[in-house]
Amino acid sequence: MIKARVTVTLKNGVLDPQGKAIEGALGALGFDGVGHVRQGKVFDVELEGADKAIAESNLKAMCEKLLANTVIENYSISLD
């Protein structure tokens, strides 16, 4: 069994209204000094098998086809 974490974030320059709303809310709650906030998504995925090269290849395909909109999002994969 291979455990992986996929992190998906918006590319630089892409408007992030949710991040902007979080930034404003943190300021309103009294958290001073908070700069730019960007939001993203995290997927924890468990894969059958033990071959990390195959797992990474499959995860990249998953990201390209479903987990990330590669036009506006970047993704990173870490395997345990």
Side-chain angles (χ1 to χ4, degrees):
M1 177 81 56
I2 295 175
K3 293 183 180 183
R5 176 163 282 180
V6 177
T7 304
V8 179
T9 56
L10 289 170
K11 291 183 177 180
N12 288 335
V14 175
L15 183 64
D16 184 3
Q18 187 174 0
K20 198 68 170 165
I22 293 167
E23 182 181 322
L26 290 171
L29 290 170
F31 294 102
D32 297 330
V34 175
H36 191 66
V37 175
R38 305 277 289 170
Q39 62 88 33
K41 302 176 276 191
V42 174
F43 300 94
D44 290 322
V45 182
E46 291 184 1
L47 300 166
E48 300 278 329
D51 189 322
K52 288 192 174 188
I54 292 172
E56 187 168 8
S57 176
N58 286 337
L59 286 161
K60 286 180 181 178
M62 291 176 200
C63 289
E64 296 287 331
K65 293 180 180 182
L66 177 67
L67 300 180
N69 177 349
T70 57
V71 174
I72 62 169
E73 295 174 319
N74 294 315
Y75 63 87
S76 64
I77 297 168
S78 67
L79 301 173
D80 289 340

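Just so it is clear, the values below take in all heavy atoms, side chains as well, and ignore hydrogens, waters and symmetry mates.
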Q: Can you find a pair of side-chain heavy atoms, one from Leu47 and one from Met62, that are under 4.5 Å apart?
A: yes
Q: Would you list the pairs meeting salt bridge (charged side-chain N to carboxylate O under 4.0 Å, His left out) in which at least one residue belongs to residues 10-20, sequence neighbours left out?
A: Lys20-Glu23
Q: Is Val42 isolated, or which residues cluster with it under the ILVMFWY side-chain rule of less than 4.5 Å, directly or via members?
A: none
Q: Apply side-chain contact (heavy atoms from CB on, under 4.5 Å) to Leu79 and list each qualifying residue two or more places apart in sequence or on a separate chain.
A: Ile2, Ala4, Lys52, Glu56, Leu59, Ile77
Q: Is it the case that one hydrophobic cluster holds both Ile72 and Leu15, taking links as side-chain heavy atoms less than 4.5 Å apart, direct or via other members?
A: no
Q: List the residues meeting side-chain hydrogen bond (donor to acceptor under 3.5 Å, both in side chains) with Asp44, not counting sequence neighbours, and say none if there are none.
A: Arg5
Q: Enumerate the residue pairs fulfilling salt bridge (charged side-chain N to carboxylate O under 4.0 Å, His left out) with a member in residues 64-77, sequence neighbours excluded, ordered by first and then second residue.
A: Lys41-Glu73
Q: Rounded to the nearest 0.5 Å, what separation is found between the CG atom of Leu67 and the OG1 atom of Thr7?
A: 11.0 Å
Q: Partners of Gln39 by side-chain hydrogen bond (donor to acceptor under 3.5 Å, both in side chains), sequence neighbours excluded?
A: none
Q: Residues sharing Met1's hydrophobic cluster, by side-chain heavy-atom contacts under 4.5 Å among ILVMFWY, directly or via others?
A: none
Q: Members other than Leu29 in its cluster, when Ile, Leu, Val, Met, Phe, Trp, Tyr link by side-chain heavy atoms under 4.5 Å?
A: Ile22, Leu26, Phe31, Val34, Val37
Q: Rounded to the nearest 0.5 Å, what's the gap from CD1 on Ile54 to CD on Glu48? Could you check?
A: 13.5 Å
